[in-house]
There are 2 protein chains.
Amino acid sequence: MPARSQGRATIRDVAARAGVSFKSVSNVVNNHPFVSEDMRQKVQQAIAELGYRPHSVARNLANRRSNMLGLVLRASSTDAQADPFLTQFLLGACAVAGAQGFGMMVRILLTDEPILRYADLFDHQQVDGLMIFSPRIDDAEGDGDGDGQDHDLPAVRIGRAGTGTNALAVDGDDEQGAFAAVSHLATLGHKRIGMVANANLSYTVSVTRVQGYRQALQAHGIPFDERLLTVGQFTRQSGQDSMARLLDIDEPPSAVFISSDRMALGAMRAARDRGLRIPEDIAIVGYDDLFVAEHTNPPLTTVRAPIDAISQCATNMLIEAIRGGKRIGSRQIILPTELIVRQSCGAKAATSYA
Amino acid sequence: MPARSQGRATIRDVAARAGVSFKSVSNVVNNHPFVSEDMRQKVQQAIAELGYRPHSVARNLANRRSNMLGLVLRASSTDAQADPFLTQFLLGACAVAGAQGFGMMVRILLTDEPILRYADLFDHQQVDGLMIFSPRIDDAEGDGDGDGQDHDLPAVRIGRAGTGTNALAVDGDDEQGAFAAVSHLATLGHKRIGMVANANLSYTVSVTRVQGYRQALQAHGIPFDERLLTVGQFTRQSGQDSMARLLDIDEPPSAVFISSDRMALGAMRAARDRGLRIPEDIAIVGYDDLFVAEHTNPPLTTVRAPIDAISQCATNMLIEAIRGGKRIGSRQIILPTELIVRQSCGAKAATSYA
DNA sequence: CTGAAAGCGCTTACAG
DNA sequence: CTGAAAGCGCTTACAG
């Protein structure tokens with residue numbers, strides 16, 4: 001092969017081989033209009049013969065585009081909960097991005113690190129847009145991505161929208177999910193329905209679920225009793241403690257909505273510690289549909305977020321924003337969640353294995 | 001700020017501001033030796049004032065390096081099992097890479113896709129090295145990354161080494177893990193110890209665990225009985241079926257090592273279906289230490305792979321190979337696994353919650 | 001539709 | 001230790 005002795009074939013090599021100018025090679029590689037079929041064929045053949053592959057770095061420099069999406073993951077020690085969704089999210093996002101010619105570069109941000117502008121996690125022009133995945137993190141903190149800068153990147157947040165100018169966001173409908181969970185309980189005849197919130201009410205992810213809870217109560221004509229609402233902090237232990245507290249009040253609940261599966265594990269434990277049978281003595285609904293939910297005893301009824309839809313939607317939105325130019329305005333998309341009925345509430349379960 | 005009216009500050013702007021040549025700026029940015037303290041300060045100040053950030057794309061083009069690691073993930077529908085490790089692996093790898101100035105670009109490869117050279121998943125010079133994560137996939141297939149090409153990238157495989165020339169690989173010590181699991185059973189007095197392999201024996205990940213099983217038997221003077229060895233195929237259902245088969249033979253086992261937690265879930269179900277108590281009537285050990293293992297009834301004794309150590313080791317090895325130049329030769333590192341004793345074998349558990 | 005030019009922002013050899 | 005040059009591989013305007 002008469003390619004260069006060193007390194008891969010370059011656009012010039014292809015041009016020489018095909019007997020055309022290298023501009024023409026660029027044209028066909030980039031699928032420009034108005035290239036004659038003849039030219040295309042000649043070039044394509046030379047490309048094949050030389051095993052030419054475009055040099056993306058050079059291309060990016062000239063283009064002022066990187067065809068890269070930057071995914072920033074906020075992980076935290078207290079919050080392993082987010083992890084189970086992460087892989088699934090990543091898979092979906094990479095697939096969509098790849099199909100549209102974008103690569104994915106990921107950056108981890110530990111919560112304890114100081115929060116800077118997310119864009120600063122990447123070099124200048126290293127990515128064309130940002131996906132910010134931090135669904136279970138304190139939103140107040142999370143909003144520290146100063147917009148207002150001149151050359152802000154398009155960004156989409158997974159979770160609730162930040163305060164930025166170009167706020168794009170995609171999330172599951174937590175309110176509706178909580179509503180469905182609690183309605184399920186009410187429909188089964190429960191009147192004393194407690195709730196263990198997954199976090200204190202400075203977290204929007206906690207607030208929306210509480211709202212769904214209250215709306216469901218209202219829809220079913222059940223008065224809200226604040227003694228029935230307690231608050232945990234993500235961990236299983238806090239679920240156990242919160243449940244114990246709920247069980248200790250006068251007129252304890254006959255059913256409890258715990259807005260986190262992880263915490264529901266603790267809650268089930270607390271119930272069992274008192275000799276309460278699930279669901280006969282106490283009905284329980286969780287939230288998240290972790291893998292473990294199917295394997296608890298009894299299998300846990302819970303709410304599942306539409307991770308695949310979220311990842312696809314977010315990726316498409318971001319790419320659209322990148323292609324569409326600077327200001328798309330803000331947009332927030334909320335996707336419906338699904339109640340997975342198993343056996344922890346006493347309803348006959350549609351899906352059941354364990 | 002006298003920066004350019006358009007775009008970010010460039011190296012020239014910094015030079016102008018600091019009153020030096022832009023070569024000097026490059027020098028300090030790249031931490032070259034022999035820059036006077038005075039120069040460094042002037043430049044650094046100008047950088048700060050202008051908010052200059054190096055343009056990585058341009059730098060990469062000039063450098064012929066991208067400072068990027070390419071992570072290819074082989075996912076498969078039948079193999080959700082790999083997922084739980086993925087997030088943890090990704091976190092570890094990104095952290096190490098980031099600390100050494102490397103970004104991470106990820107590419108998903110679905111198993112059903114044709115297997116090409118892994119390097120072809122990336123553009124030319126888009127990444128400096130490859131991490132290949134596909135621990136639970138048929139190894140025969142996985143080896144289809146033709147080495148032998150001229151400009152092969154350094155690559156490290158998570159799992160057993162491929163056949164390539166530059167074969168770097170890191171893995172957990174499955175043999176030792178299986179050995180520990182089965183020895184645990186033997187130590188508790190079991191003589192009839194069965195095994196359900198996680199996959200048929202064309203998968204090395206299955207073979208090594210079987211080897212550990214046999215070695216442990218031998219070490220404890222227990223003869224190998226092939227009727228006690230059965231083979232599943234990753235799924236929970238196959239674990240259930242395999243266990244049922246084992247329970248049906250004459251002289252059934254009093255303890256079983258199931259080399260996959262997912263399958264152990266099915267196995268526990270099969271045991272319970274026959275009214276067998278765990279661990280009184282039948283002891284069970286799993287493999288993987290999925291999150292669910294802590295929450296089964298009873299909590300599952302199992303083997304945990306050193307994911308963090310693997311991710312860190314693999315990333316460091318790869319970066320070393322990148323920095324060290326072409327041929328490092330092949331190297332395979334096997335890291336020790338850990339037996340997590342819970343309650344499914346009747347041993348007093350050190351760690352116990354659920 | 002196709003050439004020769006200039007440039008993306010930076011870096012590595014090259015003389016001073 | 002510091003300048004002016006050439007180049008990384010490609011692309012966008014520019015004339016033909």
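Below, all heavy atoms of this structure are taken into account, side chains as well, without hydrogens, waters or symmetry copies. Chain letters run A, B, ... following the sequence lines, proteins first and then strands; every chain starts at 1. None of these values were measured; they are calculated from a predicted model.
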### Query
Taking atom C1' of C:dG7 as reference, at what distance in whole Å does atom CD1 of B:Ile11 sit?
16 Å

#### Entry: Residue list, salt bridge (charged side-chain N to carboxylate O under 4.0 Å, His left out) with B:Asp123, at least two apart or on another chain
none

### Message
Listing request: all salt bridge (charged side-chain N to carboxylate O under 4.0 Å, His left out) pairs with a residue in residues 306-319 of chain A, at least two apart in sequence or in separate chains.
### Response
none

### Query
So does A:Ser26 get a side-chain nitrogen or oxygen closer than 4.0 Å to the phosphate oxygens (OP1/OP2) of D:dT11?
yes

### Rounded interatomic separation in angstrom, taking CZ from B:Arg12 and P from D:dA5
12 Å

### Summary
Whole-Å distance, A:Arg65 CZ to D:dG9 P, equals 22 Å

Each nucleotide N or O in nucleotides 2-4 of chain C that has a protein N or O under 3.5 Å away: list the pair and distance.
residue, atom, partner, partner atom, Å
C:dG3, OP2, A:Ser21, N, 3.3
C:dG3, OP2, A:Ser21, OG, 2.9

### Pair pattern of DNA chain C in dot-bracket, where unpaired bases get dots and | marks partners in another strand, Watson-Crick or G-U under 3.5 angstrom
|||.||||||||.|||

### Task
Can you sort out the partners of B:Phe122 under side-chain contact (heavy atoms from CB on, under 4.5 Å), two or more places apart, ordered by chain and number?
B:Val72, B:Met105, B:Arg107, B:Gln126, B:Val127, B:Leu130

### Query
Which residues, if any, of residues 51-61 of chain B bring a heavy atom under 4.0 Å of DNA chain D?
B:Leu61

### Task
Just grab all the side-chain hydrogen bond (donor to acceptor under 3.5 Å, both in side chains) pairs involving residues 89-99 of chain B, residues at least two apart or on different chains.
none

### Task
List for me each residue that meets side-chain contact (heavy atoms from CB on, under 4.5 Å) alongside B:Ala97, sequence neighbours excluded, and say none if there are none.
B:Leu69, B:Phe102, B:Met104, B:Thr315

### Summary
Rounded to whole Å, CD of A:Gln125 lies from C1' of C:dG7 at a distance of 13 Å

#### Entry: Results of side chain to side chain donor-acceptor pair (under 3.5 Å) for A:Ser36 - residues two or more places apart only
none

### Message
List the residues meeting side chain to side chain donor-acceptor pair (under 3.5 Å) with A:Arg40, not counting sequence neighbours, and say none if there are none.
### Response
none

### Query
How about B:Gln100 and B:Asn316: does a side-chain donor come under 3.5 Å of a side-chain acceptor?
yes

### Query
side chain to side chain donor-acceptor pair (under 3.5 Å) with B:Asn30: which residues, sequence neighbours excluded?
B:Ser26, B:Arg59

### Task
Give the rounded distance in Å between these two atoms: CZ of B:Arg64 and P of D:dC10.
11 Å

### Query
Starting at CD of A:Gln126 and ending at P of C:dC10, how long is that distance when rounded to a whole Å?
13 Å

### Message
Can you measure A:Asn30 atom CG to D:dT12 atom P for me and round it to whole angstrom units?
### Response
6 Å

### Query
Counting only N and O atoms by type, is there a donor-acceptor contact under 3.5 Å from the side chain of A:Asp128 to the main-chain atoms of A:Ser66?
yes

### Query
Excluding sequence neighbours, so at least two apart, what forms side chain to side chain donor-acceptor pair (under 3.5 Å) with B:Ser311?
none

